[in-house]
Colleague: 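Supplied in structure tokens, the structure appears directly below.
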Amino acid sequence: MLNLLEEGFNLGLGVASAACGKVDELVKSTLDKVGVKVEDSTGLRQKLVEEGKAARERIASAAKSQSAKLGEYLPNAGKLDEILEKLAKLDADIAEIKAALNK
């Protein structure tokens, strides 16, 4: 699941990166149509960049929150080792019981 989230996020960043040049053209075109002066466009661009950073932080926070929730349901490495040890002991106990029954 984390791989899917990461892949989706990377896909979005890739699309955004590829579209970066087109966005500049679109912004300039839109500013010309709306009649915003170039001097004013710098402030608008900065505001959009700040909103993008805030969105990125919200995404990162949500991803951390979801991964923490996922960690509650999946055993970590230490628990996995403990489970494997218990399983090996149970296998040994079963083999011992079978051997005793076959005598």
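One-based numbering along the sequence shown.
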Colleague: Test: salt bridge (Lys or Arg N to Asp or Glu O under 4.0 Å). Region: residues 54-66. Which pairs qualify, not counting sequence neighbours?
Modeller: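 Output for this query is empty, none listed.
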
Colleague: In the hydrophobic cluster built from side-chain contacts under 4.5 Å, what are the other members alongside L101?
Modeller: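 Other cluster members: I97.
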
Colleague: With sequence neighbours excluded, what pairs up with D93 under the salt bridge (charged side-chain N to carboxylate O under 4.0 Å, His left out) test?
Modeller: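 Checked D93 against salt bridge (charged side-chain N to carboxylate O under 4.0 Å, His left out); matches are K89.
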
Colleague: Going by side-chain hydrogen bond (donor to acceptor under 3.5 Å, both in side chains), name the residues that satisfy it together with E50, two or more places apart in sequence or in a different chain.
Modeller: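 So E50 forms a side-chain hydrogen bond (donor to acceptor under 3.5 Å, both in side chains) with Q46.
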
Colleague: Can you name the residues that form a salt bridge (charged side-chain N to carboxylate O under 4.0 Å, His left out) with K86, not counting sequence neighbours?
Modeller: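 K86 satisfies salt bridge (charged side-chain N to carboxylate O under 4.0 Å, His left out) with E82 only.
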
Colleague: Using the test side chain to side chain contact (heavy atoms under 4.5 Å, CB included), find all partners of E51 that sit at least two apart in sequence or belong to another chain.
Modeller: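 With neighbours one apart ignored, the set is K47, L48.
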
